[in-house]
Peer 1: 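Below are the structure tokens for one structure; questions will follow.
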Amino acid sequence: MGNALTALFALALLAPVAARADATELTGQIRSYWINRQTADTGPLALANAIQPGTAGMDGATAGAQAELRASASMGAVQLHAHAGLQAQEVEGSRADTQSRVNEAYAAGQALGWQWSAGKKIVSWDVGYGFRPNDVVQQEVRRTLTSETPEGRPLLMAEHFDADTAWSVVWVNPTQERSDTGAQEAALAARVYRRSGAVDWHGFVRQGEHTGPSVGAAASWVANDALELHASVRAYQHADSSVSTVTDGSLVNMNPWRAHLSGAGQQVLIGGTWTSETQISVLVEAWHDDTALTDAHWSVWTARNRALPLWLKQGVPTAAVAGNLAWQGKAFGVSNSLRQDNLFVRLSWQQDRWQTALDVLYTPADQGTVTSASVVWSGERFKLEAGLRTHGGPADAVLRQLPVQRQGYAVAVWAF
Amino acid sequence: MSADNLQVDTQVSVFNTDGTPDKQRRYTVFAQSERKSLVLMQSPMEKGQKVLMLGDDFWLLMPGTQRPMRITPMQKLLGDASTGDVATMNWAGDYTGQVVGEEPCQPDSKATCLHLSLQAQRKGVTYQRIELWIGKVRHEPVRADLFVQSDKLAKQARFVMDKPGNPTTVAEMVLVDQLSNKKETRIQYLNRKERTVSAEWLNPMFLARNPALE
């Protein structure tokens, strides 16, 4: 509960400021949710638990409530913003806990024709929906089960705008340790945006503290009244990854997965959205992601999954086999994409207060699928949301090996 | 609404076919010259949403993501009052018109109005064709039939003027949906003033920075 005060502190800081501010604004929401999960009966984690129950931790049904507050105050040329949340959650089989989070807390202003921001802020770039190669500052996790506000990154940012062009320079995670990886890595990033009629053009560069340089480009084109097409590409010198030091079926006595700086690679996305007069929308996206494990890596991984249980017949302690199988689950966290090639299709329909959606993520290499269906009802201050997500495909598809195979959820939001 | 650059606080109220209230939304609209508009959603559930319209080009910013997204003209046709209904303060720049003749102001009234047929000059506008009836003396709008791209009658509008005896500006526009639910939508212009925003406000990437305190 102690760190709950930290979150509220950011908002409390605005209180004395608000008393002297030119303008203030306070908004927020209360959100309660329930998620039910059906764990897998296949895959290395399920097998580890079958051999020795409790080896691999898997979240059960979860219920919780979140309170979020946004506050803004303007004092002359300086604006202050804070967005903090407090969450109480209970996971089946564990005790309830309370967490707090400061999503955003920053000051912003203008000097010498440039806009500046300093503090913790959400800075989202790129043009895609299911995958964003050039979201190099926020690095938001995509296709989450329920929509949640991401947590901003500590940064210093300068931006310059004219009618059709925007320049942004960001120093993100300026105080992070050199060992921090992924979205926590300290980096300098820049974006240039140019509007040219029906096309938005974006150019990106990033210099990561240890991943080095990357360059990218993206475009979004409204081809006609109903059709929008977009594409994004990024080439990088290195990416944070991890590899297993064991490539056969042998047993080891410590986690074989090690942090690894991969070589050069590319991420490519193409997609489009079509919307009808009756508000039926179809989104199709395909992407290639070199940061994901290769087909060869997954073949080795699958072979090891099959080989490890054979040790049981040779009298090896069950804990050793179960532990080695549980470590195999580290492969799921190597990249945001499990497989390098992906296809995503989303069909949605907006009718009055209701929005329904059905989407499928398909990995052609092994025919794995993740299918999600959702329905949202929005009122004046209340929003209700419910959905289901299920994994499908052949039994050896990577998506079928994930520890949770089916999820159902319900969310209620009250905004003020 | 004669000024080219305006800031308008707008309230949209939707009523069911039996007259009971369905929903209410608030918007702040910065309507600028050359068909440029910035719409800030102000209702609790939509707070932080922004729509930018530059001629036939549209962008949407959803709260939380802080990422402006390019959207198609079809994607702005959301809800009972489309964003186009809310943001468009002036039809003159978007349509060419011709006088059809003198006709009853209302189908069952004796007073006569001028009937104008307006044809969209570009495809990005919300309605491709508008049949408009205006007063013969002061040329104030009285009612309109609004047709979408497929030439289906989408909505019927009637206008409430600020001073019925000496109308100077539209105080309220009442839209009745003709495509699906027959609901009635009232767009009330609560407060309006001349306001010219800086050019950078109308840069799509500036949506993530626009002050929320307007």
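All figures in this text were calculated on a predicted structure; none of them were measured in a lab.
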Peer 1: Can you see whether A/Asp225 engages B/Gln149 through a side-chain donor-acceptor pair at a distance of less than 3.5 angstrom?
Peer 2: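 Yes, a side-chain donor-acceptor pair sits under 3.5 Å.
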Peer 1: As an exercise: rank A/Ser281, A/Pro150, A/Gly128 by heavy-atom pairs under 4.5 Å with chain B and give me the winner.
Peer 2: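 Between A/Ser281, A/Pro150, A/Gly128, the count favours A/Gly128.
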Peer 1: So what's closer than 4.5 Å to chain B heavy atoms on A/Asn224: side chain, backbone, both or neither?
Peer 2: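 Contact with chain B: backbone only.
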Peer 1: Checking A/Arg194 against A/Trp201: charged group under 6.0 Å from the ring centre and within 45 degrees of the axis?
Peer 2: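 So A/Arg194 doesn't make the cation-pi contact.
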Peer 1: Heavy-atom pairs under 4.5 Å with chain B are the metric here; pick the option from A/Ser147, A/Ala223, A/Ser168, A/Gly197 that has the most.
Peer 2: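 Answer, by heavy-atom pair count under 4.5 Å with chain B: A/Gly197.
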Peer 1: Looking at A/Thr149, A/Val413, A/Val222, A/Leu227, which has the largest count of heavy-atom pairs under 4.5 Å with chain B?
Peer 2: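 Of A/Thr149, A/Val413, A/Val222, A/Leu227, A/Val222 has the most heavy-atom pairs under 4.5 Å with chain B.
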Peer 1: May I ask you to check if B/Arg129 and B/Phe147 form a cation-pi contact, with NZ or CZ under 6.0 angstrom from the six-membered ring centre and within 45° of the axis?
Peer 2: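 Pair B/Arg129/B/Phe147 counts as cation-pi.
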Peer 1: Check each atom of B/Met205 against the heavy atoms of chain A and say whether the ones under 4.5 Å are side chain, backbone, both or neither.
Peer 2: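 Contact with chain A: backbone and side chain both.
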Peer 1: Taking every non-hydrogen pair under 4.5 Å, which of A/Ser124, A/Ala108, A/Gly152, A/Ser276 racks up the most with chain B?
Peer 2: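 Max contact count across the listed options: A/Ser124.
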Peer 1: Against chain A, work out which of B/Lys152, B/Glu46, B/Gln24 has the most heavy-atom pairs shorter than 4.5 Å and name it.
Peer 2: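 So the answer, after comparing B/Lys152, B/Glu46, B/Gln24, is B/Gln24.
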Peer 1: Against chain A, label B/Ser150 side chain, backbone, both or neither, depending on which of its atoms sit under 4.5 Å from a heavy atom there.
Peer 2: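 Contact with chain A involves both backbone and side-chain atoms of B/Ser150.
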Peer 1: Examine whether an atom of B/Leu179 lies under 4.5 Å from a heavy atom of chain A, and if so say whether it belongs to the side chain, the backbone or both; otherwise answer neither.
Peer 2: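 No part of B/Leu179 comes within 4.5 Å of chain A.
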Peer 1: Tell me yes or no: between the side chains of A/Glu228 and A/Ser220, is some donor less than 3.5 Å from an acceptor?
Peer 2: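 Short answer, yes.
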Peer 1: Contact part of A/Trp125 toward chain B, heavy-atom cut-off under 4.5 Å: side chain, backbone, both or neither?
Peer 2: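 Contact with chain B: backbone only.
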Peer 1: Mind ranking A/Ala198, A/Ala166, A/Ser378 by heavy-atom pairs under 4.5 Å with chain B and telling me who comes out on top?
Peer 2: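 Winner by heavy-atom pair count: A/Ala198.
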Peer 1: Quick one: is the NZ or CZ of A/Arg195 closer than 6.0 Å to the six-membered ring centre of A/Trp221, and within 45° of its axis?
Peer 2: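 No, a cation-pi geometry is absent between A/Arg195 and A/Trp221.
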Peer 1: Can B/Arg70 be said to sit on top of B/Phe58's aromatic six-ring, NZ or CZ under 6.0 Å from centre and within 45° of the ring axis?
Peer 2: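 The answer is no; the distance or angle limit is not met.
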Peer 1: With A/Arg142 as the cation and A/Tyr129 as the aromatic partner, state whether NZ or CZ is under 6.0 Å from the six-membered ring centre and within 45° of the axis.
Peer 2: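 Geometry flag: set, cation within 6.0 Å and 45°.
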Peer 1: With under 30° as parallel and over 60° as perpendicular, where do the rings of A/Tyr193 and A/His202 fit, or are they tilted in between?
Peer 2: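 Plane angle between 30° and 60°, so tilted.
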Peer 1: Under 4.5 Å from any heavy atom of chain B, what part of A/Asp164 do you find: side chain, backbone, both or neither?
Peer 2: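 Answer is backbone: N, CA, C or O of A/Asp164 sit under 4.5 Å from chain B.
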Peer 1: Below 6.0 angstrom between ring centroids: does that apply to A/His160 and A/Trp114?
Peer 2: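 Centroid separation for A/His160 and A/Trp114: below 6.0 Å.
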Peer 1: Picking from A/Arg381, A/Lys121, A/His230, which has the most non-hydrogen pairs under 4.5 angstrom with chain B?
Peer 2: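 Of the candidates given, the most pairs with chain B belong to A/Arg381.
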Peer 1: Under a 4.5 Å heavy-atom cut-off, does chain B meet the side chain of A/Glu151, its backbone, both or neither?
Peer 2: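 The answer is neither part of A/Glu151.
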Peer 1: Given heavy-atom pairs under 4.5 angstrom as the criterion, report whether the side chain, backbone, both or neither of A/Glu148 touches chain B.
Peer 2: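 Interface part for A/Glu148: neither.
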Peer 1: Quick check on A/Asp126 against chain B: is it the side chain, the backbone, both or neither that has a heavy atom closer than 4.5 Å?
Peer 2: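 Only the backbone of A/Asp126 comes within 4.5 Å of chain B.
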Peer 1: A/Val123 and side chain to side chain contact (heavy atoms under 4.5 Å, CB included): which partner among A/Met157, A/Arg153, A/Gln138?
Peer 2: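 Running side chain to side chain contact (heavy atoms under 4.5 Å, CB included) over A/Met157, A/Arg153, A/Gln138 with A/Val123 returns exactly one hit, A/Met157.
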